[in-house]
Amino acid sequence: MAEAARRGPPPLRTRDGLARLEPAGDEAYERLLAGRPEATFFHTRTWARIVARAFPHLEDCSGILSVEGRPHALPLFRWSRWRGLSTTLHSGFPFLYGGPVPADATAWRACLALLADSRAAVTLIGNPLAPPLAETDPPAGLSLRDEETHLLALPESIEAYRDSILSPRKRSYIRRLAREGVFVEPTRSAEDLAAVYGLYRRRMAAWEREAGFVYPIDFYRAMLEIGGDAVRLYAARREGRLIGGAFIVRWNGCAHYCTGFYDDQARDLRPNLMIQEKVIGDAIADGFRRYDFLPSAGLAGVEAFKASLGGELVPFPRWERSSPVQRWARVARALLRRGPGRERHGDA
């Protein structure tokens, strides 16, 4: 029996009553996704079950958004922090694509109005697989900025990918590293998952930036345990040693590179390149049409790497509204990082 996602508060409505979001059975919800090219795995009820299990303070508020009598599937999650002092409505959690499906302009406007009329903080991340939205001013209180991902239209064969997209240098690296014993394989081993997660925690500990959000291992466990065939963990190894791993989601004709973690001491073995080549080859062999590298957190080196593998930059919108508690917390963190007695430079 499928594990049920927790359902959150009662229906939401816009002030003018023209749009409303109401809970719906999984079958009715999933029917709205069927056959829609813009529907992603992050819109599905399976994804809702994954995040509901992994994050105890998350409420699943997903349902059917009715706009002028037409139904749309809308993923929505209520994230509570600081003992409920701050709540954020996310369409797409954590920080992944959301929005209505079918993704027409009327539904987007209704979705934005629905979230703007709520009292919660808001994070609505758009969908690069949906038709581009015409430029429009966001509702009062919501700010708008662009996110970017890299999308790759997959060719007919792995040979065509290697010959027409990969540079001769990258092809040479792949051949040499394969001869040196670097190989990549899908795995569902609990030991491999723990080892890949260990690489992630070591990277977070060494990162120069302060991580705004650290993913628990339960998130990745839930992806493998609930995601079924749609979720894969790929592991790169050499001489029995795990040197990198990546979580891939494959659904509705699109493969998404969710995240990957690599051993810094094995950098010369290029586990990321070897994993990407294997993941893309498997996606082509299994008939997938697109590969989505997902956003790169503004890291220029990561963006350049994805572009070198054939990814084309695609912008999509992100709307946000912070709560007073969140704004206060950001100021407090900045003051703590500055520390007592330090000079202030450039403060308004």
Side-chain angles (χ1 to χ4, degrees), residues 149-150 152 158-159 161-162 165-224 227 231-250 255-285 291-311:
T149 189
H150 284 78
L152 168 64
I158 186 59
E159 291 77 18
Y161 174 72
R162 290 170 182 153
I165 295 176
L166 286 184
S167 68
R169 187 177 184 183
K170 279 190 165 51
R171 295 199 299 268
S172 176
Y173 277 136
I174 290 168
R175 288 192 298 267
R176 177 175 61 80
L177 292 170
R179 288 195 302 269
E180 292 179 8
V182 178
F183 72 97
V184 177
E185 62 179 353
T187 175
R188 302 190 85 82
S189 156
E191 278 187 32
D192 288 338
L193 187 152
V196 172
Y197 186 74
L199 296 176
Y200 165 60
R201 292 310 302 257
R202 287 201 290 276
R203 190 175 88 175
M204 288 296 98
W207 208 21
E208 293 180 358
R209 295 187 185 184
E210 179 184 7
F213 191 88
V214 176
Y215 295 88
I217 193 171
D218 285 346
F219 175 53
Y220 300 108
R221 285 189 183 126
M223 285 179 67
L224 289 180
V231 177
R232 288 188 175 189
L233 170 60
Y234 282 81
R237 310 182 199 274
R238 183 171 184 258
E239 297 177 350
R241 173 186 163 208
L242 188 142
I243 58 175
F247 289 88
I248 308 296
V249 164
R250 303 169 9 132
H256 303 267
Y257 171 64
C258 281
T259 191
F261 311 115
Y262 307 97
D263 187 344
D264 281 342
Q265 296 179 351
R267 188 174 303 171
D268 291 344
L269 298 175
R270 300 181 179 269
N272 195 2
L273 173 61
M274 300 298 282
I275 284 177
Q276 295 295 340
E277 197 256 357
K278 172 66 172 171
V279 167
I280 289 170
D282 284 357
I284 292 171
Y291 184 53
D292 174 20
F293 289 91
L294 256 63
S296 306
L299 301 173
V302 176
E303 292 180 350
F305 175 71
K306 292 175 180 179
S308 76
L309 296 174

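Fair warning: this is a prediction, and the values are worked out from it, not measured in the lab.
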> Any idea how Tyr291 and Tyr257 line up, ring-wise: parallel (<30°), tilted (30 to 60°), or perpendicular (>60°)?
Replying inline: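 It falls in the tilted class, 30° to 60°.
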>> Can you tell me how the ring of Tyr200 sits relative to the ring of Tyr220, calling it parallel under 30°, perpendicular over 60° and tilted otherwise?
In response: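 Tyr200 vs Tyr220 ring planes: perpendicular.
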> Between Ile275, Leu199, Leu269, which is the residue that forms a side-chain contact (heavy atoms from CB on, under 4.5 Å) with Tyr262?
Replying inline: Ile275
Just by modelled atom types, is the [Y] backbone N or O under 3.5 Å from a matching donor or acceptor in the [X] side chain?
X: Tyr161; Y: Leu309; answer: yes
X: Ser296; Y: Gly298; answer: no
X: Lys306; Y: Gly311; answer: no

>> What's the separation between atom CZ in Arg250 and atom CZ in Arg232, rounded to the nearest 0.5 Å?
In response: 3.5 Å
> How far does CD of Glu185 sit from NZ of Lys278, to the nearest 0.5 angstrom?
Replying inline: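 Rounded to the nearest 0.5 Å, the CD-NZ separation comes out at 9.0 Å.
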> Nearest heavy-atom pair of Val249 and Cys258: which atoms, and what distance?
Replying inline: CG2-SG, 3.5 Å
>> Strictly below 4.0 Å, N to O, side chains only: are Asp264 and Arg202 in salt-bridge contact?
In response: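 Judged by the 4.0 Å cut-off on N to carboxylate O distance, Asp264 and Arg202 do not form a salt bridge.
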>> I'd like to know whether CZ of Arg188 has more than 12 heavy-atom contacts from other residues, nucleotides or ligands below 6.0 angstrom.
In response: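 Yes, because the 6.0 Å sphere around CZ of Arg188 holds more than 12 heavy atoms from other groups.
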> Quick one: does Ile174's side chain get under 4.5 Å of Leu166's, heavy atoms only?
Replying inline: yes
> Would you say Phe183 and Arg237 make side-chain contact, with heavy atoms under 4.5 Å?
Replying inline: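 Yes; the side chains approach each other to less than 4.5 Å.
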>> Enumerate the salt bridge (charged side-chain N to carboxylate O under 4.0 Å, His left out) contacts for residues 292-301, please, sequence neighbours excluded, ordered by first and then second residue.
In response: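 Found none.
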